[in-house]
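Below is one structure, written out as structure tokens, with a few remarks after it.
All values reported here derive from a predicted model rather than from experimental measurement.
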Amino acid sequence: MFKNTLICYLFKFILCFCILYYGTKAMAGITAPGGGFYWEFADKYFNYVAWLRSFLMSTSSFVLELAGYDIYMKDIYTIRMQGGIGVHIVYSCLGYGVMSFWIAFIFANSGTFRQKLFWILLGLVVIFIINVSRVCLMLVAVNRKWKTPLGFDNHTWFNIAAYTAIFIMMWLFDKSSKRRKTGIAAS
């Protein structure tokens, strides 16, 4: 029984992760003008990768402007400080690998549709906030010529922060699942 349950869980997790992760890579490929497999219809109506990048850049811009910085978007990939250096937001900056992992984890676990939807959205919001924080810090850091702590690049720091948050949320999800199964009310 345990073996079948574990195999089923791993199958659901890996399948969901691969569909999300490699599906996003495929979407980025078919919506990139000039690429070998460019599909204009998908680029125009289903390019969630560009929407995510635009939302990340707009939100980061908004946060930095609230903090008193003069920010502008040089193009669809670059956010800049007025009179300063910019940060180029490429596909690997979007955090879709971390988001795919989180969604696959929730999808593979048991729970109602509503519970899973709540946890997926909560996790995506947390990951997005971490990513906005990273973009903001990176833009300020490059303009003030700060060095990254311990020599790690910003992607490594994002992964450390995001996966730490995910492991905490996994623990909270597991704790709430046990409460649901035993019928104990949350305190």
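Residues Tyr91 and Lys25 form no side-chain contact, since every pair of their non-hydrogen atoms from C-beta on lies 4.5 Å or further apart. The side-chain heavy atoms of Trp102 and Ile106, taken from C-beta on, include a pair separated by under 4.5 Å. The shortest side-chain heavy-atom distance between Phe158 and Val98 falls under the 4.5 Å cut-off. Counting heavy atoms from C-beta outward, Thr31 and Phe46 have side chains that stay 4.5 Å or more apart.
Interatomic distance, CD1 of Ile76 versus CD1 of Ile89, reported as 12.0 Å (0.5 Å rounding). Taking CE from Met169 and CH2 from Trp119, the interatomic distance works out to 8.0 Å, rounded to the nearest 0.5 Å. Taking CH2 of Trp39 as the start and OH of Tyr45 as the end, the distance is 12.0 Å to the nearest 0.5 Å. Within the model, atoms CZ of Phe152 and CD1 of Ile160 stand 5.0 Å from one another, a figure rounded to the nearest 0.5 Å. Here the straight-line distance linking atom OG of Ser60 with atom CD1 of Ile79 works out to 5.0 Å at 0.5 Å rounding. To the nearest 0.5 Å, atoms CD1 (Ile166) and CE (Met99) are separated by 9.5 Å.
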Acceptor/donor pairs from residues 80-87 side chains to any protein atom, 3.5 angstrom cut, sequence neighbours excluded:
residue	atom	partner	partner atom	Å
Arg80	NE	Gly84	O	3.2
Arg80	NH2	Gly84	O	2.7

Side-chain polar contacts of residues 10-22 - donor-acceptor pairs under 3.5 angstrom, sequence neighbours left out - could you list them?
none

Side chains of residues 121-137: which donor-acceptor partners sit under 3.5 Å, not counting sequence neighbours?
residue	atom	partner	partner atom	Å
Asn131	OD1	Arg134	NE	3.0
Asn131	OD1	Arg134	NH2	2.9
Asn131	ND2	Cys93	O	2.9
Asn131	ND2	Leu94	O	3.2
Ser133	OG	Ile129	O	2.9
Arg134	NH1	Asn154	OD1	2.8
Arg134	NH1	His155	ND1	3.2
Arg134	NH2	Cys93	O	2.7

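Panel note: side chain Lys74, backbone His88; no donor-acceptor pair is recorded below 3.5 Å. The backbone N or O of Leu56 sits nowhere less than 3.5 Å from a side-chain atom of Thr59 that would complete a donor-acceptor pair.
Aromatic ring centres of Tyr163 and Phe101: separated by under 6.0 Å.
Criterion: ILVMFWY side-chain heavy atoms under 4.5 Å apart, direct or through other members. Under it, Tyr48 and Met57 are part of a common hydrophobic cluster. By the rule that hydrophobic residues join a cluster once side-chain heavy atoms approach within less than 4.5 Å of another member, Ile71 and Tyr77 end up as members of one cluster. Phe62 is not connected to Met138 by any chain of hydrophobic side-chain contacts under 4.5 Å among Ile, Leu, Val, Met, Phe, Trp and Tyr, and they are in different clusters. Under the 4.5 Å side-chain heavy-atom criterion for Ile, Leu, Val, Met, Phe, Trp and Tyr, Trp51 and Ile30 are members of the same hydrophobic cluster. By the rule that hydrophobic residues join a cluster once side-chain heavy atoms approach within less than 4.5 Å of another member, Leu139 and Trp146 end up as members of one cluster.
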* Asked: Given Tyr9 and Thr5, is the side-chain contact (heavy atoms from CB on, under 4.5 Å) satisfied, shown in steps?
  -> CA-CA 6 Å; Tyr9 175 85; Thr5 305; 5.6 Å; no

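Between Ser110 and Lys116, the shortest heavy-atom distance links the atoms C-CE, 4.0 Å.
Using modelled atom types and a 3.5 Å distance limit, the side chains of Asp153 and Thr156 yield a donor-acceptor pair.
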